[in-house]
Amino acid sequence: MSRLIASDIVTGYGKQEIVHGVSLTADSGEITCIFGPNGCGKSTLLKAIAGALPAWRGEVRIDERALSNLPAHMIVRHGLVMMPQGGGVFPRLTVLENLRMGGYAVVDGRLVEQRIETLLEEYPSLKRRTTVAAGSLSGGEQMMLALARALVSEPRFILLDEPSAGLSPALVSQTLERVQALTRHGIGIVMVEQNIREALPMADRLYILAAGETRFEGTPQDVRDDAQLMEIYMGQDSASATDALS
Ligand SMILES: Nc1ncnc2c1ncn2[C@@H]1O[C@H](COP(=O)(O)OP(=O)(O)O)[C@@H](O)[C@H]1O
Ligand SMILES: [Mg+2]
């Protein structure tokens, strides 16, 4: 069992502080969800945890190992990867080349090829299209590719930024089922989602952010009802609360 701990993270862009001291704990084999209105700093927080953005203050670690402000490839080697909003596949590269990018932090190239081969067995739609440019895949397939690419480094924790965004309802369920399946391999998931209705039942823990601060922390059982969720959201911005629950 591993635990990812982010404590008191402060970060932002330029001089603008966006995340004002957020702490978060995630366990391996569990799904930890982050919800919150648009623009409240969810993606910014994920980037700071993954080392894609410097943390101005605070600490990130997996168990006893401090990850804060290590170079990104070292963070990947210690078992933490992020799938950015939109998946972040390279559209001009082929499916196979994208998967190889997922292994860039792995020293042994043969190991990367072996892992890709094994992964492709679980993603038959990708296996049929390894030589195709990733940009020609459908949105759902690109998200699958992004997920598969994140797995090439055999992470202990994956940070997912809105994996279901822009997908049709059928694909939303399919994608979230894939995410859930990863926990059965012991991987810990930290997932930002706008799709609260679909994501909440999957969550083992949840955080609600508003304006760069933690507004709620607990389990789905701690959420009394939709009215309470609304209230947590509305504290900041009633329009996004209505959006989030519609
Ligand atoms: N690259 C950037 N440069 C400057 N400001 C940014 C950048 N990315 C996001 N922001 C700002 O940071 C705030 C939080 O954004 P973000 O973390 O993307 O929110 P969320 O993911 O919760 O929708 C927003 O006000 C946004 O405009
Ligand atoms: Mg975002």
Side-chain angles (χ1 to χ4, degrees), residues 26 29-39 42-43 46-47 50 81-102 115-116 118-153 155 157-185 187-208 220 226 229 233 240-246:
E30 291 197 349
I31 297 181
T32 303
C33 282
I34 304 173
F35 302 126
N38 245 330
K42 303 181 296 297
S43 297
L46 282 198
K47 285 187 258 180
V81 296
M82 177 174 68
M83 191 189 89
Q85 210 158 349
V89 303
F90 300 99
R92 285 161 186 260
L93 299 187
T94 66
V95 166
L96 187 58
E97 287 164 343
N98 267 279
L99 290 170
R100 287 185 178 137
M101 296 293 279
R115 286 179 186 172
I116 290 175
T118 311
L119 266 170
L120 284 172
E121 295 305 319
E122 290 171 46
Y123 291 81
S125 66
L126 295 181
K127 192 179 177 184
R128 287 193 295 271
R129 336 244 325 244
T130 47
T131 59
V132 162
S136 70
L137 300 179
S138 70
E141 285 168 337
Q142 288 193 31
M143 207 49 88
M144 287 302 149
L145 175 56
L147 258 187
R149 185 179 63 181
L151 292 171
V152 174
S153 65
F157 288 92
I158 304 187
L159 312 181
L160 298 174
D161 200 347
E162 300 198 23
S164 79
L167 301 183
S168 68
L171 280 175
V172 170
S173 308
Q174 209 178 313
T175 304
L176 294 182
E177 272 163 31
R178 280 240 178 232
V179 169
Q180 191 143 39
L182 298 180
T183 61
R184 292 195 279 278
H185 299 287
I187 297 174
I189 308 284
V190 178
M191 180 166 77
V192 168
E193 257 305 327
Q194 290 291 351
N195 238 313
I196 300 189
R197 282 216 192 283
E198 299 252 10
L200 189 61
M202 301 168 52
D204 294 289
R205 280 194 78 64
L206 71 128
Y207 291 84
I208 300 178
D226 279 4
L229 262 185
Y233 265 79
S240 7
T242 316
D243 285 352
L245 294 171
S246 61

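No experiment lies behind these values; they were computed from the predicted model shown.
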**Fill in**
Separation between CE (Met202) and CG (Asn195), nearest 0.5 Å, reads 10.5 Å
**Request:** Taking Asn98 for its side chain and Phe90 for its backbone only, find out whether a donor-acceptor pair lies under 3.5 Å.
**Result:** yes
**Request:** Quick one: pull up CD in Glu162 and CE in Met83 and give me the separation to the nearest 0.5 Å.
**Result:** 9.5 Å
**Item:** Side chain proximity check, Leu171 to Ser168, heavy atoms < 4.5 angstrom
**Value:** yes
**Message:** So which atom in Ala146 and which in Gly87 form the shortest heavy-atom distance, rounded to 0.1 Å?
**Reply:** CB-O, 3.5 Å
**Prompt:** Taking all atoms of both residues into account, what is the closest heavy-atom pair of Ala134 and Leu145, and its distance?
**Reply:** CB-CD2, 3.7 Å
**Prompt:** Is the backbone of Pro37 close enough, under 3.5 Å, to the side chain of Lys42 for a donor and an acceptor to pair up by distance?
**Reply:** yes
**Request:** With the side chain counted from C-beta on, respond yes when Leu159 and Ile189 share a heavy-atom pair under 4.5 Å apart, and no when they do not.
**Result:** no
**pair Ile158-Val179: side-chain heavy atoms closer than 4.5 Å** = no
**Prompt:** Is there a donor-acceptor pair closer than 3.5 Å between any side-chain N or O of Glu97 and the backbone N or O of Thr94?
**Reply:** yes
**Asked** If you draw a 6.0 Å radius around CE in Met101, do more than 12 non-hydrogen atoms from other residues or ligands fall strictly inside?
**Response** no
**Prompt:** Can you name the nearest heavy-atom pair linking Asn38 to Gln194, along with the distance?
**Reply:** OD1-NE2, 3.8 Å
**Request:** Verify the distance criterion only: is there a donor paired with an acceptor across the side chains of Glu193 and Ser164 at less than 3.5 Å?
**Result:** yes
**Message:** Applying side chain to side chain contact (heavy atoms under 4.5 Å, CB included) to Met82 and Asp161, what does each step give before you reach the verdict?
**Reply:** CA-CA 8 Å; Met82 177 174 68; Asp161 200 347; 5.6 Å; no
**Message:** Could you report the tightest heavy-atom contact between Ala133 and Pro91, atom names first, then the distance?
**Reply:** CB-O, 3.6 Å
**Glu198 side, atom CD; Glu177 side, atom CD - distance, nearest 0.5 Å** = 9.0 Å
**Asked** Given the rule in the side chain to side chain contact (heavy atoms under 4.5 Å, CB included) test, do Thr32 and Leu206 qualify, once you have shown the distances and angles that lead to the verdict?
**Response** CA-CA 6 Å; Thr32 303; Leu206 71 128; over 6 Å; no
**Request:** Please confirm whether the backbone N or O of Ile31 pairs with a side-chain atom of Asp204, one donor and one acceptor, at under 3.5 Å?
**Result:** yes
**Message:** In the structure I gave you, are the side-chain heavy atoms of Leu147 and Leu182 within less than 4.5 Å of one another anywhere?
**Reply:** yes
**Message:** Measuring from atom CD of Gln180 to atom OG of Ser173, what distance do you get when rounded to the nearest 0.5 angstrom?
**Reply:** 11.5 Å
**Request:** Run the numbers on Ile208 and Ile34 for side chain to side chain contact (heavy atoms under 4.5 Å, CB included), then give the verdict.
**Result:** CA-CA 6 Å; Ile208 300 178; Ile34 304 173; over 6 Å; no
With a 3.5 Å cut-off and sequence neighbours excluded, list the donor-acceptor pairs that the side chains of residues 123-132 form with protein atoms.
from: Lys127; atom 1: NZ; to: Glu121; atom 2: OE2; distance (Å): 2.8
from: Arg129; atom 1: NH1; to: Glu141; atom 2: OE1; distance (Å): 3.1
from: Arg129; atom 1: NH1; to: Glu141; atom 2: OE2; distance (Å): 3.1

**Asked** For the side chain of Arg149 and the backbone of Gly88, is there at least one donor-acceptor N/O pair under 3.5 Å apart?
**Response** yes
**Message:** Test side chain to side chain contact (heavy atoms under 4.5 Å, CB included) on Leu46 and Val192; report intermediate values, then the result.
**Reply:** CA-CA 8 Å; Leu46 282 198; Val192 168; 3.6 Å; yes
**Prompt:** Closest heavy-atom contact between Pro163 and Leu176?
**Reply:** CG-CD2, 4.4 Å
